[in-house]
Amino acid sequence: MFEIVRRDGLARIGRFETRSGILETPALLPVVNPKILTITPAELYEEFGFKALITNSYIIKNSDDIRERALNEGLHSLLGFPGIVMTDSGTFQSHMYGEVEVSNEEIIEFQKNIGSDIGTVLDIFTEPFWSEEETSASIDVTLKRTRDAVSMKGDMMIAGVVQGSVYPDLRRMCSERMKEMDVDVHPIGGVVPLMEQYRYSELVDVIINSKMGLSPDRPVHLFGAGHPMILSLAVLLGCDMFDSASYAKFARDDRMMFIDGTYRIEDMLSLDCKCPACKDHTLETLRALPEKERIRTVARHNLYEITKELALVKRYILEGRLWELVEQRCRSHPALLDALRRLNVYRDFLETYEPISRDGAMFYTGPETRNRPAFRRYEKRIEERYVPVTDKAALFEDREGKPYGRSYCEDFARVRSSGYVPIVLSPFGPVPAELDEIYPIAQSLFPSVADKETEEYSENSVMEFVSRSGFSEVADMDDVPHGNGGYDHLPEKAKAVARYQFGKEAADALICGNVKIVTSKNTGKIRNVISDDEHVLSMRAGDGLFTLRPEGALRIVEKVPGPHMRVVVSDDAVPFVSEGRNVFCAFVKECDPEIRTMDEVLVVDGNGKLLAVGRAMLIRDEMLSFRKGVAVKVRDGVGKS
Ligand code: GUN
Ligand code: ZN
């Protein structure tokens, strides 16, 4: 059973429950060759804290000296490893070094018999250079073998490998078919050549298309990915598990893994690592070590480098800043920069996983930052949900010091008094003054010198916006004189934010009749929105978005048809949720596909009656597939009658 503990977009910190313990993900499983124990499994567990490892059942089966021991005393005892043991099937050996004389059934049975916690199907490795026909035919075989493996799994978990070479449609098809089977983990296979050849952009295609077809409640393993330089990117795209043989393989070639690449000891000019393996060494003392000890030292260094990056990735997920780490990492190699740029193709898919807001500010590190799904969301919502207050626009340059309403306080007031809407040409595109405080507009930092690409984007999208909106007049900020009319901007701001956040229909239901805006005495900012004497919304200072009050929620339920903003729960959850308890995934029956994480949502019963208001922790697919975990954090239970 797999559960999301924290998440940042597709990236997640999860708990994967197995019979040999709980694995916290993202996790890296070091590959252990039972015949060459460069670092012993006990050391991996105790010194490095690896709670799971992966070893090859095919090698064990073919080695007379260890096969019997594995069968008699079990894999955990053979390896001296108290954690979780996953086994691979021999696919890679068969592919690299010729025929494997073992059938799928035999190797599944053998993995069960040696007590593997997670056994792998004998899949067919699909090479990047294969034709579509060849790939497709071999996927059929892999799928059949997976079905067979599932039917004989017993209490061993099954890893069903997604194949499909570099063909996005085949990757997705393979995933969708495998989703229907009772598989426990999905490794993405056939990617080692892509990584060895630095084809990271295609790796992005492969991972995302595989993810699109899979069910979110199963961990995804990226087979053969153990280099720290791609970990953050792979986690960002939703990979939960990794394995590394390279820490030991590279060590045998005197190669050290660093976050920006792999370096041969003989080529290195200095050793600047202070990890426990390197700390007492200089390059000279390391080179001078006897071979065996040198290999061990380099292997330990490689493992420390991986664990360091993995810990950092986790920290960035917790902080909601993983995109920023990935942007840094992808600048360490041109092929990784290609991968970062490739994400643009998938911005709509990535947007579905993007939270409505985050705690910290968003950092712009270059034009690629505009690929971030938060930009895409803003672009879409401005187009679909924004309605200008008047038909006259005054254009403002982007300026340091946010929110714009503060740095342009007097100028905004001046143009408004002449009946103009202030519009800022920002790197996000057009920002109408009413939306200047929402996430991520106000919660973002840009360099003071703009780059050309983003400047052009900003100008073009503002021009498009202006022509689309049908303004009768568009003026430069300096050309608009003081007037003596204008409009009351606070109610307009409340409406614009409500439309942006909840859609036009819901906003109209929330803010109508006699509207009173309560502002903060200190900052002048909107605090509460009262409509016809009902407190319908409160504005959050942090992200400039609204918290929905129960009175507001009731209005949406009455005026806006489902499934808009709804999470439907089963009858047995009704009494609990009505009292204000959280909604757990197991009780979710349906959910609006437009709901994003951190969105305000309406929890309703099967008849559409409002039970509670809260914030979504997951999106629809996740709520419906997970059996454990909180789907909605309830703030107010309102269903008790
Ligand atoms: N190890 C690295 N790649 C693969 C793969 O595609 N399948 C299996 N079973 N093991 C692998
Ligand atoms: Zn080191």
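Since this is a predicted model, take the numbers as computed values, not measurements. Ligands are counted one by one from 1 in listed order, and the atoms in each one are counted from 1 as well. What you see below is based on every heavy atom in this structure, not just the backbone, and it leaves out hydrogens, waters and symmetry mates.
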**Q** Nearest to atom 7 (N) of ligand 1 by heavy atom, Val161, Val162, Asp123: which?
**A** Asp123

**Q** Quick check on Gln163 - does any of its heavy atoms sit under 4.0 Å from an atom of ligand 1?
**A**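 The answer is yes, since Gln163 has a heavy atom less than 4.0 Å from ligand 1.
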
**Q** Would Asp169 and Arg172 pass as an ion pair if we require N to O under 4.0 Å?
**A** yes

**Q** Between Thr91 and Ser89, is there a side-chain donor-acceptor contact under 3.5 Å, judged purely by atom types and distance?
**A**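 The criterion, which ignores hydrogens and geometry beyond distance, is satisfied for Thr91 and Ser89.
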
**Q** Examine the proximity of ligand 1 to Val192 and report which part, side chain or backbone, both or neither, has a heavy atom under 4.0 Å away.
**A** side chain

**Q** Strictly below 4.0 Å, N to O, side chains only: are Arg300 and Glu43 in salt-bridge contact?
**A**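 Looking at Arg300 and Glu43, the cut-off is not met.
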
**Q** Got an N/O contact under 3.5 Å between Thr120 and ligand 1?
**A**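 There is no such contact.
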
**Q** Hey, is Arg329 close enough to Glu309 for a salt bridge, meaning N to O under 4.0 Å?
**A** yes

**Q** For Asn62 and Tyr58, does a side-chain donor sit closer than 3.5 Å to a side-chain acceptor?
**A** yes

**Q** I need the nearest protein heavy-atom contact for atom 3 (N) of ligand 1: residue, atom name and distance, please.
**A** Phe125 CE1, 3.5 Å

**Q** Got the closest protein heavy atom to atom 1 (N) of ligand 1, with its distance?
**A** Asp88 OD2, 3.6 Å

**Q** When you draw lines from the Zn ion (ligand 2) to SG of Cys273 and to SG of Cys278, what angle lies between them, to the nearest 10°?
**A** 120°

**Q** Under a 4.0 angstrom heavy-atom cut-off, which atoms of ligand 1 come close to Gly190?
**A**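 Going through ligand 1 atom by atom, the ones under 4.0 Å from Gly190 are 5 (C), 6 (O).
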
**Q** Looking only at N, O or S atoms, which one in His301 sits nearest to the Zn ion (ligand 2)?
**A**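 So the atom name we want here is ND1.
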
**Q** Please work out which of the three classes, parallel, tilted or perpendicular, describes the rings of Phe48 and Tyr304, given edges at 30° and 60°.
**A**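 Taking Phe48 first and then Tyr304, their aromatic rings sit tilted (interplane angle of 30° to 60°).
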
**Q** For the rings on Phe258 and His301, is their centre-to-centre separation under 6.0 Å?
**A**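 They qualify: ring centres under 6.0 Å apart.
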
**Q** Show which atoms of ligand 1 fall inside a sub-4.0 Å distance from at least one heavy-atom site of Gly189.
**A** 5 (C), 6 (O)

